[in-house]
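As the structure is a computational prediction, the values presented were derived from the model and not from experiment. Order of the sequence lines fixes the chain letters, A, B, ..., with proteins taken first and strands second; residue numbering starts at 1 for each chain.
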2 protein chains.
Amino acid sequence: MTTIRDVAKAAGVAPSTVSRVLSGSSRISPATQERVRAAVAKLNYYPNAIARSLAGRATHTIGIVIARPAQQALANPFFPELMRGVGTCLQGRNYNLLLSMTGSPAEERTACMRMVHHRQVDGVILTSSRTHDRLIDELMAEEFPFVLVGRADDQLPVNWVNNDNAAVGAMAVEHLISRGHRRIGLIAGPPDLTVTIDRRRGFEETLARAGLPLTPKHQVNGAFTKEGGYRGMGQLLSQPEPPTAVFCTDDAMAVGALMALKERDLVRQVAVVGVNDDPLTALIDPSLTTVRIPVFELGNTAAQILVDQLRGVVQGPRQVILPSQLVVRESTNWTLA
Amino acid sequence: MTTIRDVAKAAGVAPSTVSRVLSGSSRISPATQERVRAAVAKLNYYPNAIARSLAGRATHTIGIVIARPAQQALANPFFPELMRGVGTCLQGRNYNLLLSMTGSPAEERTACMRMVHHRQVDGVILTSSRTHDRLIDELMAEEFPFVLVGRADDQLPVNWVNNDNAAVGAMAVEHLISRGHRRIGLIAGPPDLTVTIDRRRGFEETLARAGLPLTPKHQVNGAFTKEGGYRGMGQLLSQPEPPTAVFCTDDAMAVGALMALKERDLVRQVAVVGVNDDPLTALIDPSLTTVRIPVFELGNTAAQILVDQLRGVVQGPRQVILPSQLVVRESTNWTLA
DNA sequence: AGAAGTAGTGCAATCGCTTGCCGGAAGGTT
DNA sequence: AACCTTCCGGCAAGCGATTGCACTACTTCT
């Protein structure tokens, strides 16, 4: 291993001088800079990141913990896309990404605090969006930099990035209403997730605004899975007066819902809207109308906020809402007779 | 920040003793251990990972670089699933995962060598499977630990994990033959990837073994994308005597191929097999027959091999082949008249 | 001409932990 | 009783960088 000392020797200067040249900071004469750079090139020197971190009291690494139960893991490309966003931002800003994958949300806290306590990262990105989370309290208590993605908490003075989930629900319902539907059902995800809460809110407010009744029997909850959607649709269809259109708060559920319809030969009778724009939902039959969430941008922005804070560019907490977009396909693209 | 010195003071011992207790290594009397542990608990002490790395000359981190052009990124769940495998292994063995995402394979080398040169990781997992890769030469030259996944190079004494891609091609073709097909086409991925080469080999060998002719006109190459498959199928269908069955070396391509068939109303006329068992391929119409690659296991095994090597558990290079599995669905589940 | 700046470098402490080596105490051998 | 082992645990030297401070030449000012 060639160290900074070797370079210093080769260039006939002190290690501190090499360090200064490399960090581009202080006033070192052009001549000396030249000599140092030549030595660096000649010896093929790369500063040891670990040593640099220790001395500089900063790891230049941010952590992200992905809590995904194996089953849900595949169901949607949310995390890969999010990480692409995060990674893209970080790459350009010379930060590293330390990834921790855990099976359950329960382990998430442990995994995250491990990173934090061991000082492996300068900040973390949190993706699990439970309504209340002890993890957040702990991070706040330790004043450790972090940013929430996919969750908006107006009460807490913390960084977050989110899409407007209420608008997601609203867009979906407005679209269905415009297609002539009056009895609109809801298949929602786990009720304690803020995404669920927000999307349902948009759903309900829009119904109310349109003067349509809220029918509790037309609302069911399930897991963010195909099976959840399948069962949910089954429940809705067993009602005396079933909905003619259903808003599913997730694509996987919407796909399950469509399966239930197919089995009963009701495809063109009940409209379905999903959320996420999972790439393959365009390919199923019928292709799925869905609301596209800007996942890449979510990750990218989150990383940006965190890095800005670490660099001291910004002070207070930043909170960003990114717009979603309705994508109309076959599953709703017809008008109720 | 509480340091090892604080703990030492609180326990009335030297820092070295604390270190020894924590690393569980040397002979420290139970009484002292008890006192140290108590102090650790009381002060809520966590060793600084950076300092530990510097002193211990090991980062306990392995690197993985994901080179995915944005477009392909979404198309298949290969990487997330791979990383789940890697992550699961690493978590149990107390290793960290440093992730670098790059857009193009070209940047892959740079990104990887950056990690290596800066000594941020103890070893790396390589996923891009170009036939020849300068990156591999560089790593070998520096004697840096690494493992290849999704690629088998019998020439080089390096670690790798792969599924048997020749068997993948063979299974697909055998299945098609068993369904009565005689004119079997191939839509293959980029010709310089080893996966492409191996799968094609299995394809061709099986045809030969069955005494069926190799028809060059029935073989086309394309990108690992829906569009690639769509165009590929278009080309095959424009032949005078088109194939009655097509093996696509990737699910995304197979989906594209099915789209081309649908447009021409040829779904039940031409059988299609894909590779990967992308979860949503079960949901498209017709559902896709495919060969499931053990992606999770691939990642898991790769990580295992690397960690074992880093820990000095094993010596020479290890090379592992994991079995794939045919999943029959609607796209082939009929017999040629 | 002497005082006061200023620019360009080097010295050495420091970051928090690991580990080789050494020494004291306790117990075991002749 | 003198001598060896063995067991514990401390000392101090690193690991490879960063950075505050000091020091030496020059300029520049009065």
Side-chain angles (χ1 to χ4, degrees), chain A residues 1-37 39-40 43-61 94 96 115-122 311, chain B residues 1-40 43-61 94 96 114-122 311:
Chain A
M1 272 270 342
T2 97
T3 76
I4 201 173
R5 234 176 290 267
D6 301 324
V7 177
K9 205 158 294 173
V13 298
S16 48
T17 303
V18 176
S19 172
R20 288 195 246 267
V21 170
L22 259 34
S23 54
S25 68
S26 296
R27 55 293 154 83
I28 299 289
S29 76
T32 307
Q33 293 206 20
E34 194 44 52
R35 253 185 314 146
V36 169
R37 275 185 223 294
V40 165
L43 297 184
N44 218 281
Y45 167 73
Y46 295 85
N48 181 310
I50 297 293
R52 196 201 276 265
S53 294
L54 183 58
R57 292 159 197 72
T59 62
H60 304 288
T61 300
N94 275 311
N96 298 110
M115 284 183 179
V116 170
H117 284 142
H118 288 278
R119 252 58 203 181
Q120 297 188 103
V121 296
D122 295 342
R311 293 205 172 141
Chain B
M1 273 271 338
T2 98
T3 76
I4 202 173
R5 231 176 291 266
D6 301 325
V7 177
K9 205 158 292 174
V13 298
S16 49
T17 302
V18 177
S19 172
R20 291 192 170 102
V21 170
L22 260 33
S23 55
S25 68
S26 295
R27 56 290 154 82
I28 299 289
S29 74
T32 309
Q33 292 206 21
E34 195 43 53
R35 254 186 312 146
V36 169
R37 275 185 223 294
V40 165
L43 298 183
N44 219 280
Y45 167 73
Y46 294 85
N48 181 310
I50 296 294
R52 196 201 275 266
S53 294
L54 184 57
R57 292 160 196 73
T59 61
H60 304 287
T61 299
N94 275 311
N96 299 110
R114 219 173 54 89
M115 285 183 177
V116 170
H117 284 142
H118 289 278
R119 252 56 203 182
Q120 298 189 103
V121 294
D122 295 342
R311 292 201 172 147

Without decimals, in angstroms, what is the distance between Arg5(A) CZ and dT18(D) P?
12 Å
Would you say dG9(D) has OP1 or OP2 under 4.0 Å from some side-chain N or O of Thr17(B)?
no
Tell me what Val18(B) touches on the nucleic acid: a base, only sugar-phosphate, or nothing, going by heavy atoms under 4.0 Å.
nothing
Ile4(A) side chain, from C-beta outward: closest of dA17(D), dC17(C), dC15(D):
dA17(D)
Which of the following nucleotides, dT18(C), dT9(C), dG10(C), is nearest to the side chain of Arg52(B)?
dT18(C)
Pairwise 5' ranking along DNA chain D for Gly56(B) and Ala14(B), keeping only the more 5' one:
Ala14(B)
Sole residue of Ile28(B), Val7(B), Val40(B), Val13(B) in side-chain contact (heavy atoms from CB on, under 4.5 Å) with Val21(B)
Ile28(B)
Quick note, Arg27(A) side chain, CB onward, closest among dG8(C), dG10(C), dG16(C) is dG8(C)
Between Tyr45(A) and dA17(D), does any side-chain N or O lie under 4.0 Å from OP1 or OP2?
yes
May I ask you to say what Thr32(A) touches in the nucleic acid, namely base, sugar-phosphate or nothing, with a heavy-atom cut-off under 4.0 Å?
sugar-phosphate
Expressed as a whole number of angstroms, how long is the span from Lys9(B):NZ to dG9(D):P?
19 Å
For a quick test of reading the model: is some side-chain N or O of Ser29(A) closer than 4.0 Å to OP1 or OP2 of dT9(C)?
yes
Distance check needed: dG16(D) P versus His117(B) NE2, whole Å only.
16 Å
Are any of the side-chain heavy atoms of Arg20(B) and Arg27(B) separated by less than 4.5 Å?
no
Expressed as a whole number of angstroms, how long is the span from Gln33(A):CD to dG8(C):C1'?
11 Å
Tell me: CG of Leu43(A) to P of dA17(D), nearest whole Å?
12 Å
Both Met1(A) and Ser16(A) contact DNA chain D. Taking the nearest nucleotide for each, which residue is further toward the 5' end?
Met1(A)
Does the plane of the ring in His117(B) sit parallel, tilted or perpendicular to the ring in Tyr46(A)? Use 30° and 60° as the thresholds.
parallel
Between CG of Leu22(A) and P of dT18(D) the distance, given in whole Å, is 7 Å
Rounded to whole Å, how long is the line connecting atom NE2 of His118(A) with atom C1' of dC17(C)?
13 Å
Scan Thr3(A) against the nucleic acid and name what it touches under 4.0 Å (heavy atoms): base, sugar-phosphate only, or nothing.
sugar-phosphate
Can you check the Leu54(A) CG to dT14(C) C1' distance for me, whole Å?
9 Å
Considering all heavy atoms of both residues, which atom of Arg114(B) and which atom of Gln120(B) are nearest to each other, and what is their separation?
O-NE2, 4.4 Å
Donor-acceptor pair under 3.5 Å: do we get one between Arg20(A)'s side chain and the base of dG20(D)?
yes
To the nearest 0.5 Å, atom OG1 of Thr59(A) lies from atom CG of Asp122(A) at 3.0 Å
